[in-house]
Amino acid sequence: MSGPSAEKTTPIEGREQLIEYLASGNKPPADWRIGTEHEKFGFRHEDLKPIPYEGERGIRALLEGIAKFGWERVEENGHLIALVQDKASVTLEPAGQLELSGAPLETIHDTCRETAQHLYEVKAAADPLRLGFLGMGFQPKWRRDEMPWMPKGRYKIMREYMPKVGSLGLDMMTRTCTIQTNLDFSSEADMVKKFRVSLALQPVATALFADSPFTEGKPNGFMSFRSNVWTDTDADRTGLLDFVFEDGFSFERYVDYLLDVPMYFVYRDGSYIDAAGKSFRAFMDGKLDVLPGERPSMRDFSDHLTTAFPEVRLKKYLEMRGADGGPWNRICALSAYWVGLLYDDAALDAAWDLVKDFTLEERHALRDGVPRHGFKLPFRAATMRELALESLKISEAGLQRRARLNRSGASEAVYLEPLIEMALANQTAAERKLELFHGEWNGSVDPLFKEFAY
């Protein structure tokens with residue numbers, strides 16, 4: 001695989017190269033891996049406020065603490081902004097939400113070990129600073145203007161552009177957290193099938209992981225307010241990608257979509273050049289006014305790929321993007337859910353049978369309805385809950401057939417238990433927190449930060 005340094009300098013001669021770039025993700029099943037990403041909100045113990053970047057107890061100091069566990073430091077303009085180790089990284093979202101982008105691993109057992117180790121390191125660095133971390137989909141207490149901003153160049157550009165294209169983009173940046181899973185494909189046909197299945201079932205994952213019922217200390221009327229935020233962030237780069245279900249969908253068709261997504265920035269010599277709203281097609285023709293006459297490299301294209309935010313995103317792998325942040329056992333559960341569905345042929349066939357006759361209107365009704373209604377959303381003659389249980393059954397069978405056992409002889413299906421339990425109870429994590437809020441918490445979200453911290 002050519003590394004980032006080769007990408008940096010490889011000029012783009014034409015569209016064919018971009019198609020080949022995506023197709024270079026094709027891997028034989030023996031080489032398929034699982035990449036898990038998860039974000040969490042930091043807070044100060046004494047007042048529950050989010051953590052600023054600077055200061056003795058700031059995000060920078062926290063990163064310094066985590067770095068002691070053998071991580072290499074990444075700086076931008078003198079600011080420590082990330083840590084890398086092997087193929088994993090610890091990075092910062094715009095308001096200091098801490099993200100682990102996990103290494104590509106072979107089993108969910110490995111993923112769960114990686115998650116546990118990361119949370120151990122974060123706690124070891126955070127405890128002396130009297131800081132805590134919480135996994136949820138949306139910041140439950142603080143207003144947008146109370147959230148800090150991290151010193152990263154691309155965020156400054158996005159911060160200025162977001163309000164022009166939607167009313168909730170700044171909330172997406174500063175007040176949301178997610179768990180994501182990145183999975184491989186073997187061929188274009190395999191990519192297409194997995195893309196369709198995962199896009200159609202993404203609302204099910206949103207329901208299973210719905211955990212953002214509070215805004216500024218009060219119930220907001222949603223199970224997953226994080227998912228709702230994406231509906232008014234930037235229509236040019238979000239959503240369900242109806243064309244994925246059209247005949248002839250391919251790497252080429254996805255490249256055409258990407259070329260229509262407006263740019264955010266170009267990275268040159270350690271800094272970000274604002275190209276917000278401009279056309280990558282014009283850039284390929286040497287007609288980008290902020291870099292006159294210059295043409296993009298493959299590094300520019302791989303940067304541009306990261307500025308599209310659909311519910312499932314194609315890079316050299318597929319990214320599942322529909323889930324709220326949550327506790328450690330749901331981090332393992334998200335990867336388990338999608339691996340069970342997509343990494344076993346019989347499960348993939350069964351999942352496709354489940355969703356292949358969904359109409360465009362039904363797919364949109366699920367996407368639009370699930371943030372508010374969760375499992376209770378009506379669907380055909382039943383509800384989202386029945387769809388969730390059916391998909392969990394398929395995933396569980398897929399994981400059992402994969403037969404990757406841990407030291408106790410358990411398959412990866414064990415990690416689905418929190419999801420199965422919630423779907424059987426017909427109650428999302430959001431609804432459980434709302435019960436506590438209206439009951440023993442006496443209308444306060446503050447106990448959340450103690451009871452649900454990592």
Side-chain angles (χ1 to χ4, degrees), residues 3-5 7-8 35-47 49-103 114-135 139 142 146-160 170 172-178 180 264-274 299 302-303 306-307 325 453-454:
S5 50
E7 258 171 38
K8 253 179 220 172
T36 309
E37 302 180 21
H38 43 101
E39 302 163 357
K40 46 220 159 285
F41 295 108
F43 60 90
R44 301 191 306 205
H45 283 164
E46 72 277 12
D47 57 10
K49 285 199 167 153
I51 310 166
Y53 179 78
E54 298 292 359
E56 288 172 22
R57 298 169 59 207
I59 289 286
R60 183 188 183 116
L62 178 85
L63 288 176
E64 297 281 7
I66 299 171
K68 291 174 183 161
F69 289 91
W71 293 82
E72 201 179 313
R73 302 150 48 94
V74 178
E75 296 198 354
E76 183 184 301
N77 298 327
H79 298 291
L80 177 61
I81 55 153
L83 304 169
V84 290
Q85 186 180 99
D86 300 326
K87 289 184 176 172
S89 61
V90 176
T91 56
L92 302 176
E93 290 298 294
Q97 305 97 308
L98 196 69
E99 176 174 14
L100 176 74
S101 295
E114 175 188 61
T115 300
Q117 176 63 24
H118 169 69
L119 293 174
Y120 165 76
E121 291 174 10
V122 170
K123 195 164 167 44
D127 280 355
L129 302 176
R130 301 189 309 289
L131 302 174
F133 280 87
L134 171 72
Q139 163 57 253
W142 303 104
E146 292 170 307
M147 302 305 288
W149 282 86
M150 299 297 109
K152 288 175 72 171
R154 68 183 283 171
Y155 294 156
K156 180 177 185 296
I157 292 166
M158 289 169 70
R159 182 182 185 175
E160 287 164 9
L170 295 177
M172 180 277 287
M173 292 179 74
T174 60
R175 294 203 286 176
T176 64
C177 279
T178 182
Q180 290 174 199
Y264 277 149
F265 60 80
V266 184
Y267 187 68
R268 286 288 179 276
D269 304 322
S271 57
Y272 289 89
I273 296 164
D274 191 338
R299 163 70 191 262
S302 93
D303 281 346
T306 68
T307 67
Y454 289 113

Please report the closest heavy-atom contact between [X] and [Y], naming both atoms and the distance.
{"X": "Tyr264", "Y": "Ile157", "value": "O-CG2, 3.2 Å"}
{"X": "Trp71", "Y": "Ser89", "value": "CZ3-CA, 3.9 Å"}
{"X": "Leu80", "Y": "Arg60", "value": "N-NH1, 3.6 Å"}
{"X": "Leu92", "Y": "Met150", "value": "CD1-SD, 3.9 Å"}
{"X": "Leu134", "Y": "Tyr454", "value": "C-CE1, 3.8 Å"}
{"X": "Phe41", "Y": "Arg175", "value": "CZ-O, 3.3 Å"}

Quick check against the 3.5 Å criterion: does [X] have a side-chain atom that pairs as donor or acceptor with the backbone of [Y]?
{"X": "Arg130", "Y": "Arg44", "answer": "no"}
{"X": "Asp47", "Y": "Lys49", "answer": "yes"}
{"X": "Glu93", "Y": "Cys177", "answer": "no"}

Sequence-distant partners of Lys156, side chain to side chain donor-acceptor pair (under 3.5 Å), two or more places apart: Glu160
Residues in side chain to side chain donor-acceptor pair (under 3.5 Å) contact with Glu64, at least two apart in sequence or another chain: Arg73
For the atom pair [atom1] ([X]) and [atom2] ([Y]), what is the distance rounded to the nearest 0.5 Å?
{"X": "Leu83", "Y": "Glu121", "atom1": "CG", "atom2": "CD", "value": "9.5 Å"}
{"X": "Gln139", "Y": "Thr176", "atom1": "CD", "atom2": "OG1", "value": "11.0 Å"}
{"X": "Trp142", "Y": "Thr174", "atom1": "CH2", "atom2": "OG1", "value": "14.0 Å"}
{"X": "Leu62", "Y": "Leu98", "atom1": "CG", "atom2": "CG", "value": "6.0 Å"}
{"X": "Met147", "Y": "Ile51", "atom1": "CE", "atom2": "CD1", "value": "10.0 Å"}
{"X": "Tyr267", "Y": "Glu76", "atom1": "OH", "atom2": "CD", "value": "5.5 Å"}

Side-chain heavy-atom pair [X], [Y] within 4.5 angstrom cut-off:
{"X": "Tyr53", "Y": "Pro151", "result": "yes"}
{"X": "Leu131", "Y": "His45", "result": "no"}
{"X": "Tyr272", "Y": "Asp303", "result": "no"}
{"X": "Leu119", "Y": "Lys123", "result": "no"}

side-chain contact (heavy atoms from CB on, under 4.5 Å) between Val74 and Thr91, worked out: CA-CA 9 Å; Val74 178; Thr91 56; over 6 Å; no
Trace of the side-chain contact (heavy atoms from CB on, under 4.5 Å) decision for Thr307 with Phe265: CA-CA 9 Å; Thr307 67; Phe265 60 80; 4.0 Å; yes
side-chain contact (heavy atoms from CB on, under 4.5 Å) between Glu37 and Glu99, intermediate numbers included: CA-CA 7 Å; Glu37 302 180 21; Glu99 176 174 14; 2.8 Å; yes
Within 6.0 angstrom of Tyr120 OH, more than 12 heavy atoms from elsewhere: no
Glu72 atom CD: more than 12 heavy-atom contacts under 6.0 Å: no
Polar contact flag, side-chain donor to acceptor under 3.5 angstrom, His118-Lys40: yes
From CA spacing to verdict: side-chain contact (heavy atoms from CB on, under 4.5 Å), Ile81, Glu75: CA-CA 6 Å; Ile81 55 153; Glu75 296 198 354; 5.9 Å; no
